[in-house]
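Notes follow the structure.
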Amino acid sequence: MLRFGLIVGSTRPRRFAQIPAEWLLTGAVDRADFRLDVLDLREIDLPFLDESFPPAMLDGAYANPKANAWRQRLAQCDGFIATVAEYNHGPTAVLKNAFDSAFTEWQRKPIAFAGYGTTGAARAIGQLRGITVELQMVPLRHEVTIGLEPFIAVQNKEKALSDYDHLNRARTALFDNLVWWASALKTARNKLRVVA
Ligand SMILES: Cc1cc2nc3c(=O)[nH]c(=O)nc-3n(C[C@H](O)[C@H](O)[C@H](O)COP(=O)(O)O)c2cc1C
């Protein structure tokens, strides 16, 4: 069975991120093809990157114990889903720091995004696609976009994310495509020599 890391990408008190994270976990309960491990950046509590050299040059040997623990959690995953908040038209600083704080453990693995906010965090997700390509990841076309209306209605507790058929369908398509890419890339990682 494939293992995916569910990165909860914001950490502030009363964050909305909790809601899409729980809805993604609920949607994954009946899946026999993968399991979701929660990687909550609030609990992981990474320091701002404090390595003497860029992680790309460290070959996975990090000095900071918390970064090392983070790296080991990532290494166990075949792919990732990140909840994405948009802060001033970009990703949250904690999520960017989480990407910067590892390197080899991200490589040649797929990642899908579940964004929310006035534009479903579209601008933050656009930036994350470039960031993850630089980490030699495969960012998926399929994403969950929780736009203005569901974002407000769910925040006000008038509705739940599961009330929205288009979101439930997007979640299934995201899962299906993540499984496809994770299977293909895992096979390739196991079979093929890594090209520098
Ligand atoms: C520092 C900050 C900047 C924000 N900038 C944007 C933005 O550029 N676009 C947007 O749609 N929402 C923006 N928002 C509103 C967030 O979409 C909203 O607060 C959301 O709940 C943040 O996710 P979180 O609750 O998981 O932290 C911003 C919120 C914060 C705290």
Side-chain angles (χ1 to χ4, degrees), residues 4-29 35-50 66-67 69-70 73-74 77 79-102 106 109-135 137 139-175 178:
F4 297 151
L6 172 59
I7 302 169
V8 186
S10 63
T11 54
R12 68 186 183 91
R14 302 187 58 187
R15 62 184 175 180
F16 185 82
Q18 207 77 31
I19 296 171
E22 281 165 17
W23 170 76
L24 288 162
L25 284 168
T26 303
V29 165
R35 63 176 252 208
L36 266 187
D37 296 336
V38 178
L39 303 175
D40 187 343
L41 297 182
R42 185 190 274 172
E43 285 163 18
I44 286 163
D45 191 26
L46 277 171
F48 270 118
L49 181 66
D50 64 352
K66 282 189 173 171
W70 174 236
R73 298 286 303 276
L74 299 179
C77 296
F80 304 92
I81 303 171
T83 67
V84 181
E86 185 168 283
Y87 286 0
N88 298 312
H89 290 199
T92 60
V94 285
L95 183 57
K96 177 62 163 62
N97 184 56
F99 281 116
D100 293 343
S101 296
W106 294 118
K109 295 178 183 176
I111 183 162
F113 302 108
Y116 50 87
T118 53
T119 64
R123 293 161 293 217
I125 290 174
Q127 293 183 27
L128 287 166
R129 291 187 193 287
I131 290 162
T132 52
V133 165
E134 180 58 18
L135 290 165
M137 302 179 79
L140 266 57
R141 168 188 180 269
H142 290 82
E143 62 190 31
V144 168
T145 306
I146 303 166
L148 184 61
E149 194 279 320
F151 177 63
I152 299 291
V154 171
Q155 204 164 38
N156 292 341
K157 299 192 178 10
E158 291 154 9
K159 285 192 174 179
L161 290 176
S162 56
D163 293 333
Y164 293 90
D165 287 344
H166 76 282
L167 293 179
N168 293 326
R169 281 196 303 274
R171 177 178 62 183
T172 302
L174 181 152
F175 286 161
L178 196 61

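Atom set for the values below is all heavy atoms of this structure, side chains included, hydrogens, waters and symmetry mates excluded. Counting starts at 1 for both ligands and their atoms, following the listed order. Positions are given from 1, in the same order as the sequence printed here.
Closest protein heavy atom to atom 29 (C) of ligand 1: Tyr87 CD1, 3.9 Å. In terms of protein heavy-atom proximity, atom 8 (O) of ligand 1 is nearest to His89 N, 2.8 Å. Looking at atom 10 (C) of ligand 1, its nearest protein heavy atom turns out to be Thr118 OG1, 3.5 Å.
The side-chain heavy atoms of Pro20 and Leu161, taken from C-beta on, include a pair separated by under 4.5 Å.
Using a 4.0 Å cut-off to heavy atoms of Tyr116, the atoms of ligand 1 that qualify are 23 (O), 24 (P), 26 (O). Set against the non-hydrogen atoms of Ala17, the atoms of ligand 1 under 4.0 Å away are 26 (O). If you number the atoms of ligand 1 from 1 as listed, the ones under 4.0 Å from a heavy atom of Ala85 come out as 22 (C), 23 (O). Near Ser10, with a cut-off below 4.0 Å to any heavy atom, the atoms of ligand 1 are 24 (P), 26 (O), 27 (O). Here is the list of ligand 1 atoms found below 4.0 Å of a heavy atom in Phe151: 18 (C), 20 (C), 21 (O). Counting the atoms of ligand 1 from 1 in the order shown, those under 4.0 Å from a heavy atom of Arg12 are 19 (O), 21 (O), 24 (P), 25 (O), 27 (O).
No salt bridge links Arg73 with Asp37; every basic N to acidic carboxylate O contact stays at or beyond 4.0 Å.
Ligand 1 has an N or O atom lying under 3.5 Å from an N or O atom of Asn88, backbone or side chain. Below 3.5 Å of separation, one finds an N or O of Glu86 facing an N or O of ligand 1. Taking any N or O of Arg14, backbone or side chain, none lies under 3.5 Å from an N or O belonging to ligand 1.
Asp40 places a side-chain N or O within donor-acceptor distance of the main-chain N or O of Arg42, the cut-off being under 3.5 Å. Distance alone, capped at 3.5 Å, places no donor-acceptor pair between the Trp106 side chain and the Met137 backbone.
Rounded to the nearest 0.5 angstrom, Ile146 CD1 and His166 NE2 are separated by 8.5 Å. Interatomic distance, CZ of Arg123 versus OG1 of Thr118, reported as 5.0 Å (0.5 Å rounding).
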Does Thr83 form a side-chain contact (heavy atoms from CB on, under 4.5 Å) with Leu24? I'd like the steps, not just the answer.
CA-CA 9 Å; Thr83 67; Leu24 288 162; 4.3 Å; yes
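More than 12 heavy atoms of other residues, nucleotides or ligands lie within 6.0 Å of CD in Gln18, so this atom counts as buried by the packing criterion.
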